[in-house]
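Indexing begins at 1, ligand by ligand and atom by atom, following the structure's order.
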Amino acid sequence: MFAYLDHQASTPCDAAVLAAMAPWWSEHPANPASRGHRPGLAAAAAVERARGQVATVLGAGPEGVVFTSGATEANNLALKGVAEAALSGGSRRRRLVSLVSEHRAVLDPLRYLERHGFPLSLLPVQPDGRLELAALENALGDDVLLVSVMAANNEIGVLQPLAEVAALCRRVGALLHVDAAQAAGHIPLAIEALGIDLLSVSGHKCGGPPGVGALLVRQGVELAPQLHGGGQEHGRRAGSVPVPLVVGLGEALQLAEADRASRALRLGGLRDRLWTALERLGGVQRNGPAPGPLRLAHNLNITVLAVDGAALHQRLRRRLAVSSGSACSQGSPSHVLAALGRSRAEAAASIRFGLGRATTSAEIDLAIDVVTDAVRELRG
Ligand SMILES: *Cc1c(COP(=O)(O)O)cnc(C)c1O
């Protein structure tokens, strides 16, 4: 038996999502921009239906949904698009504010902008990964163009206080971007009610296909396109819209929202059982907040003290798909765990468990057995 417990790196595409996408690969060919014939109009209608699904789940208007190739592209469009619009629109605001624990798909575009004249303030986080509101308040002034704060962290599952962050941003007239790749379909997110200006989502983090995502943009936010071409998506993102993929994204988000609460309850129970069993080993510490309202229900991240990280993961690999950090950090030690004060060795001996809709109780039993055996063996 093998257990896939790396749903925060990628979720399997749901069967109902595959079924919804199926006809759009070959049965109904057509470019949704071809408005001159019936197949084109049918494709356009499918895209607009998906746009409505995405907007409804996220509490926004459909006109604000820009389909992209994923959350990485959505983040790049949001951050560079706002910066470029500020340059050409004559705004004097330049400063960008974010957190040290953001995903690299936010940090790297921000560092790119820093090299091009946009000063960057990266705020530290508290030991549980939460942003300190007082630190954010201190960093905010009328020179701040944009604040980027993720909804849920991909490694430690910590949720950030978005409503409070949005209120602080509004007070100084700064825009708020939220990377919600790990949150959309997993926690309630009502963009307009929360006061979020831009929000990124990803298909393959919520039971949808990879290679598709969306940026939600509040009306009135100036955004310079980063892909130029055929003027699709109201000129905000050129490129033929991939009909099957956006249909899959819409369906996945709608499905995720439909069982969101019951799924969180069930996975939270499995996650808590996993933690209780692993804590009994001794010398095991949890990274991120305690289970509860400040954490994703399907995430657990632990550091195993007094074992070698490489040897630990080598043993886990045979029976479990888990990770030692983010799937995107490519071998370097986790900057998120470092931000919590973990040493390189501790970060290497850390395990992220990401549970998902398909996770069973038997898989949690397996994970408990495999980690317990590996830790006992390595500790002699
Ligand atoms: C996965 C992830 C991304 C990147 O999403 P893609 O759709 O794979 O480009 C960005 N931010 C966070 C928080 C993620 O977890």
Participant: One residue to check: A71. Relative to ligand 1, which of side chain, backbone, both or neither has a non-hydrogen atom less than 4.0 Å away?
Facilitator: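 A71 to ligand 1: contacts from backbone and side chain alike.
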
Participant: Just wondering, are more than 12 heavy atoms of other shown residues or ligands nearer than 6.0 Å to CZ in R344?
Facilitator: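 Not buried by this count: 12 neighbours or fewer within 6.0 Å.
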
Participant: Give a yes or no on whether E63 atom CD has more than 12 heavy-atom contacts from other residues, nucleotides or ligands under 6.0 Å away.
Facilitator: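 More than 12 within 6.0 Å, yes.
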
Participant: At less than 4.0 angstrom from any non-hydrogen atom of M150, what atoms of ligand 1 do you find?
Facilitator: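 Going through ligand 1 atom by atom, the ones under 4.0 Å from M150 are 13 (C).
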
Participant: Between the side chains of Q226 and E84, does any donor sit under 3.5 Å from an acceptor?
Facilitator: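 Present: a donor and an acceptor within the cut-off.
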
Participant: Looking only at N/O atoms, are Q182 and ligand 1 under 3.5 Å apart anywhere?
Facilitator: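 N/O-N/O distance under 3.5 Å: yes.
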
Participant: Any luck finding a side-chain donor-acceptor pair between T11 and R357 under 3.5 Å?
Facilitator: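 No pair is found: no donor N or O on one side chain lies under 3.5 Å from an acceptor on the other.
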
Participant: Between H204 and ligand 1, find which residue part has any heavy-atom pair under 4.0 Å and reply side chain, backbone, both or neither.
Facilitator: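 Just the side chain.
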
Participant: Check each of N75, D179, T72, V201 against atom 4 (C) of ligand 1 and report the one with the nearest heavy atom.
Facilitator: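 Looking at heavy atoms only, the winner is T72.
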
Participant: Verify ring pair (Phe, Tyr, Trp, His ring centres under 6.0 Å) between H298 and H186, making sure each step is shown before the conclusion.
Facilitator: CA-CA 9 Å; H298 56 278; H186 299 288; 4.6 Å; yes

Participant: Enumerate the atoms of ligand 1 whose separation from the nearest heavy atom of N154 is less than 4.0 angstrom.
Facilitator: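 Listed by number with element: 15 (O).
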
Participant: Among V165, L58, V178, which residue satisfies the side chain to side chain contact (heavy atoms under 4.5 Å, CB included) criterion with I196?
Facilitator: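 The option that passes is V178.
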
Participant: Just which atoms of ligand 1 are under 4.0 Å from any heavy atom in G70?
Facilitator: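 This gives 7 (O) as the contact atoms.
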
Participant: Quick one: does Q8 get within less than 4.0 Å of ligand 1, heavy atoms only?
Facilitator: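 Checking ligand 1 against Q8, which is what was asked, there is no heavy-atom contact under 4.0 Å.
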
